[in-house]
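The analysis underlying the following values was restricted to heavy atoms, covering all of them including side chains, and did not include hydrogens, waters or symmetry mates. In each ligand, atom 1 is the first atom listed, and ligand 1 is the first ligand listed. We number each residue from 1, following the sequence as shown.
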Amino acid sequence: MPSEFELIRQYFTRPTNHTSLGVGDDAALIQPASGHELAISADMLVAGTHFLADTDPYQLGWKSLAVNISDMAAMGAEPRWATLALAIPEANEHWVAAFANGFFACAERFQVDLIGGDTTRGPLCISVQIMGQVPIGKAIRRDGAKAGDDVWVSGQLGNAALALNHLLGEYSLADHELKQALPALLKPQPRVELGLALRGTAHSAIDISDGLLADLGHILEQSNVGAEINLAQVPCSGIVQQHLDQVSVQNMLLAGGDDYELCFTAPVNEHDQIQKMARGLGLQLSRIGSITGQAGLIVRHRGNIMNIGKTGFDHFNR
Ligand code: ADP
Ligand code: MG
């Protein structure tokens with residue numbers, strides 16, 4: 001069995017691009033570009049809670065970094081550095097090698113340096129801290145939404161929840177449907193380029209990790225506003241569309257989570273600019289409703305107001 005230090009040296013030490021001192025010392029040394037502030041966030045993935053214990057390690061490596069990078073995207077920050085605290089039940093080299101490959105595939109795609117971490121024995125748990133930079137004062141926060149803003153969503157929602165429900169045996173998809181839905185669950189694509197493009201245009205933004213309604217709800221609460229959205233305008237794949245007459249699938253779309261798309265608000269007069277942005281990025285951007293002055297979130301479905309009970313995933317209230 002390799003020692004802790006051999007594992008770190010062999011699997012978690014790779015050349016860095018914008019780091020003064022990376023893995024190997026007691027601390028890493030980094031320096032954001034001048035005129036920038038650091039954006040810092042952490043996300044933990046626990047076996048059995050955030051992923052099924054038999055999840056492919058390569059995909060888990062990708063996802064554990066991707067969900068962190070998604071938080072940088074939501075701030076309009078450029079992801080730069082990450083640390084990785086890893087608890088593994090045993091030093092299984094096949095597992096660690098595949099995990100590291102997935103992690104670094106994501107790191108390379110988004111130009112993130114792995115600069116340190118911790119490796120211990122324990123129940124499988126992956127804790128990543130991400131750091132990025134954003135010009136001072138330019139971060140896109142949750143508290144900037146204004147009454148009258150359009151509410152927008154990137155990409156398509158619901159596929160990850162649909163795939164997860166299938167894997168858990170709670171919903172049944174045909175093989176070709178599962179194949180189409182699975183990538184959203186296993187290999188989320190953080191919307192970094194969109195987040196950067198939205199600086200100066202969006203009033204507020206959040207990434208959708210716990211479900212559209214819950215995450216939009218955070219914007220509403222922190223901005224002291226409400227919103228009215230339309231189910232028919234919430235972007236989703238053909239498979240979600242096909243099953244959308246079922247309440248369970250409506251729930252997956254609105255409250256399923258694990259989407260890692262961005263939900264943002266912007267003034268109405270930015271509409272054309274945002275559509276241009278969508279074409280430039282090759283990314284679907286959909287206007288799903290408006291911010292209102294009155295608190296509360298209203299979802300319309302065929303003219304009626306939907307009764308929204310469960311608005312998203314909350315670890316302590318299930
Ligand atoms: P210390 O005992 O000083 O905390 P460690 O022995 O835990 O140091 O780690 C040695 C070096 O390896 C440190 O630079 C640490 O940041 C890095 N490191 C440990 N585990 C990981 C990991 N999973 N990924 C990246 N770097 C790691
Ligand atoms: Mg240590």
Glu93 versus Gln10: any side-chain heavy-atom pair under 4.5 Å?
yes
When you compare ligand 1 with Gly24, is there at least one nitrogen or oxygen pair between them that comes in under 3.5 angstrom?
yes
When you measure from atom 21 (C) of ligand 1 to each heavy atom in Leu7, Thr83, Thr119, which option holds the nearest one?
Thr119
Run down the list Gly117, Ala87, Ala85 and name the one with the heavy atom closest to atom 15 (C) of ligand 1.
Gly117
Determine whether the side chains of Glu177 and His243 contain a donor N or O and an acceptor N or O closer than 3.5 Å.
yes
In short, Leu262 meets Asp207 closest at the heavy-atom pair CD2-CB, 3.7 Å
Ligand 1 versus Asp118: contacting region, heavy-atom distance under 4.0 Å:
both
Name the atoms and distances for all side-chain donor-acceptor pairs under 3.5 Å in residues 295-306, with sequence neighbours left out.
unit_1: Arg300; atom_1: NE; unit_2: Glu228; atom_2: OE2; d: 2.6
unit_1: Arg300; atom_1: NH1; unit_2: Gly303; atom_2: O; d: 3.4

Give the single entry among Asp25, Leu84, Thr120, Asp26 that approaches atom 3 (O) of ligand 1 most closely by any heavy atom.
Asp26
Leu114: numbered ligand 1 atoms lying under 4.0 Å from its heavy atoms
24 (N), 25 (C)
Kindly write out the residues that satisfy side-chain contact (heavy atoms from CB on, under 4.5 Å) with Ala91, not counting sequence neighbours, or none if the list is empty.
Met1, Pro2, Leu7
I'd like to know if Arg109 and Glu193 make a salt bridge, using a cut-off of under 4.0 Å between side-chain N and carboxylate O.
yes
When you compare ligand 1 with Gly22, is there at least one nitrogen or oxygen pair between them that comes in under 3.5 angstrom?
no
With heavy-atom distances below 4.0 Å as the criterion, list the atoms of ligand 1 near Phe5.
6 (O)
